[in-house]
Amino acid sequence: MLDLRDIRRDPDRVRDALRKRGYSFPLDELLKKDEEWRSLLSQAQELKQKRNEASKQVAVMKAKGEDPSEILSQVKEVSDKIKELEKQVSLLEGEIKKMLALIPNIPHESVPVGEGEEDNVEVRRWGEPRKFDFEPSPHWEIGERLGILDFERGTKLAESRFTVLKGFGAKLERALINFMLDLHTTEHGYIEIFPPFLVNSRAMFGTGQLPKFEEELYKCKDDDLYLIPTAEVPLTNLFMNEILPPGSLPIYVTAYSACFRREAGSYGKDIRGIIRQHQFNKVELVKFAEPEHSYEELEKMVNDAEDVLKRLGLPYRVVLLCTGDMGFTSAKTYDIEVWMPGQGKYREISSCSNCEDFQARRANIRYRPSPQEKPRYVHTLNGSGVAVGRTLAAILENYQQEDGSVVIPEALVPYMGGVRVIAPSKG
RNA sequence: GGUGAGGUGGCCGAGCAGGUCGAAGGCGCUCGCCUGCUAAGCGAGUAGAGGUAGCCCCUCUCGAGGGUUCGAAUCCCUCCCUCACCGCCA
């Protein structure tokens with residue numbers, strides 16, 4: 001959420017941001033409502049002042065034993081007028097808040113202007129895609145041959161885009177989660193959190209899933225609870241409605257969570273394999289930072305996510321998203337794309353964003369820079385560190401052998417109980 | 001799910017037969033004084049938000065929302081949450 005006062009002060013800045021994002025929004029309507037709101041508000045406040053003064057007078061007169069009935073009848077009218085005005089004020093306030101909640105964040109000046117994926121800018125590459133002396137298979141074929149991915153039973157139990165992991169597949173998924181959490185907590189300074197996978201609508205509003213993206217969420221029928229689409233939601237909202245004391249920033253937190261997305265509107269995409277599932281596992285990174293340092297923190301966070309892929313020996317590239325491809329809440333986003341030999345292209349495996357104070361304002365997360373200063377909004381950052389299912393798919397494709405087996409990356413061997421190769425087995 | 005108690009400022013905790021109460025007192029914190037250092041002591045300050053370019057100023061906020069009233073932390077209604085005991089349960 002943007003600050004209404006900033007919008008008022010410099011509406012062109014917002015117009016420019018909306019244009020760069022390819023967003024249409026009735027900004028003039030908002031400004032008009034704002035003006036009306038402020039006018040009515042100050043009218044109401046003036047009357048209240050009057051009423052408060054009169055009420056005090058009544059108290060004094062009563063104490064002296066005088067008769068205040070004359071004032072009483074006058075103030076009664078004022079009170080009624082206040083009620084009328086306040087009704088309008090709160091009505092307008094509601095409308096303004098609703099509109100405000102639908103304006104996306106303003107892109108940082110370093111973000112390239114563009115319309116879509118094709119305008120993103122590659123920042124760097126790491127690792128050399130392996131040369132195969134046979135035709136590399138896509139991960140779903142490898143996984144089915146090895147008996148570790150079971151798509152049919154996933155669909156039987158739930159619906160399409162659900163998959164059952166079996167044997168070493170299930171173990172590899174678990175190994176990856178533990179490997180990533182250990183890496184981030186012991187080497188990158190993150191505190192491990194195990195959050196709720198269901199959160200209420202206030203939390204969903206705080207991180208920007210609601211109200212605009214409700215159709216992406218699984219909602220519980222009888223409760224004000226939603227399945228989280230990412231651990232970013234519970235992690236970022238950890239400090240909702242709090243003022244962090246001086247010296248607490250930056251705060252780094254990480255969590256494993258299952259993520260649930262309805263994937264409405266992506267019917268045709270990635271039907272095969274485990275790239276796009278309704279339920280998937282992810283290790284998430286979230287940071288709370290002072291505004292002065294949030295962009296350094298973003299670079300460091302991207303490095304933390306890259307480190308996962310480096311240690312697994314998976315080639316990747318880092319891409320800076322353009323204005324038209326960025327998420328609603330983000331001011332600047334880097335995607336990390338891992339090389340998938342089976343598909344012959346790089347696929348997103350992590351997305352790291354600086355949301356600046358956009359989410360902090362929604363979730364009311366502040367910090368006090370020093371004991372005598374006023375609270376300020378923190379900057380929040382989030383990033384995948386990284387998507388577990390996609391990493392598993394990347395390992396299958398990058399480490400596949402001609403005989404159908406898959407070699408386990410060295411770093412994971414301890415997490416796999418010493419297993420170095422997953423070979424085809426019966427059952 | 002049942003019964004009972006309760007939700008006040010960073011924390012603890014008064015106020016709750018409606019009226020100069022955004023709120024005593026204590027702790028904590030900040031600044032100053034004092035003191036070889038530290039501790040103690042003394043003095044001052046110390047909630048958040050909005051209207052305003054901004055000060056003074058004004059308005060709002062005592063879990064949330066609504067109501068009664070000239071006036072609500074105090075009275076009434078609804079909801080939420082916390083704690084205790086019971087029931088159920090991984």
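Predicted model, so just to flag it, every value in this text is computed and none were measured. Chain identifiers are assigned alphabetically (A, B, ...) following the order of the sequence lines, protein sequences preceding nucleic acid strands; residue numbering begins at 1 within each chain. As a basis for the values below, the full set of heavy atoms in this structure was taken, side chains included, without hydrogen atoms, waters or symmetry mates.
Of the listed nucleotides (B/U59, B/G51, B/A49), B/A49 has the atom at the smallest distance from the side chain of A/Pro375.
Residue A/Lys48 is in sugar-phosphate contact alone, with no base atom involved, counting any heavy-atom pair closer than 4.0 Å across all strands shown. When heavy atoms are screened at a 4.0 angstrom cut-off, A/Arg202 is found touching no nucleic acid atom at all. Within 4.0 Å (heavy atoms only), A/Lys83 reaches sugar-phosphate atoms of the nucleic acid but no base atom. Residue-level contact check: A/Leu72 touches the bases, meaning some heavy atom is under 4.0 Å from a base atom.
A 3.5 Å limit on both hydrogen-bonding distances identifies no Watson-Crick or G-U partner for B/C37. When Watson-Crick and G-U wobble pairs are counted only if both distances are under 3.5 Å, B/G54 pairs with no nucleotide at all. Base-pair partner of B/A84: B/U3 (Watson-Crick or G-U wobble, both distances under 3.5 Å). When Watson-Crick and G-U wobble pairs are counted only if both distances are under 3.5 Å, B/C60 pairs with B/G48. Base-pair partner of B/G43: B/C31 (Watson-Crick or G-U wobble, both distances under 3.5 Å).
Here the P atom of nucleotide B/G67 and the CG atom of A/Asp80 are 13 Å apart, to the nearest Å.
A/His184 contributes no side-chain N or O that, together with a main-chain N or O of A/Leu285, makes up a donor-acceptor pair within less than 3.5 Å. Judged by distance alone, with hydrogens and angles left aside, the side-chain atoms of A/Asp150 form a donor-acceptor pair with the main-chain N or O of A/Arg153 at under 3.5 Å.
Taking the six-membered ring for Trp and thresholds of 30 and 60 degrees, A/Tyr23 and A/Phe328 have ring planes inclined between 30 and 60 degrees apart. Ring geometry for A/His278 against A/Phe162 counts as tilted: the plane angle lies between 30° and 60°, on a 0 to 90° scale.
Of the two residues near RNA chain B, A/Ala59 and A/Val75, the one whose nearest nucleotide lies more 5' is A/Ala59.
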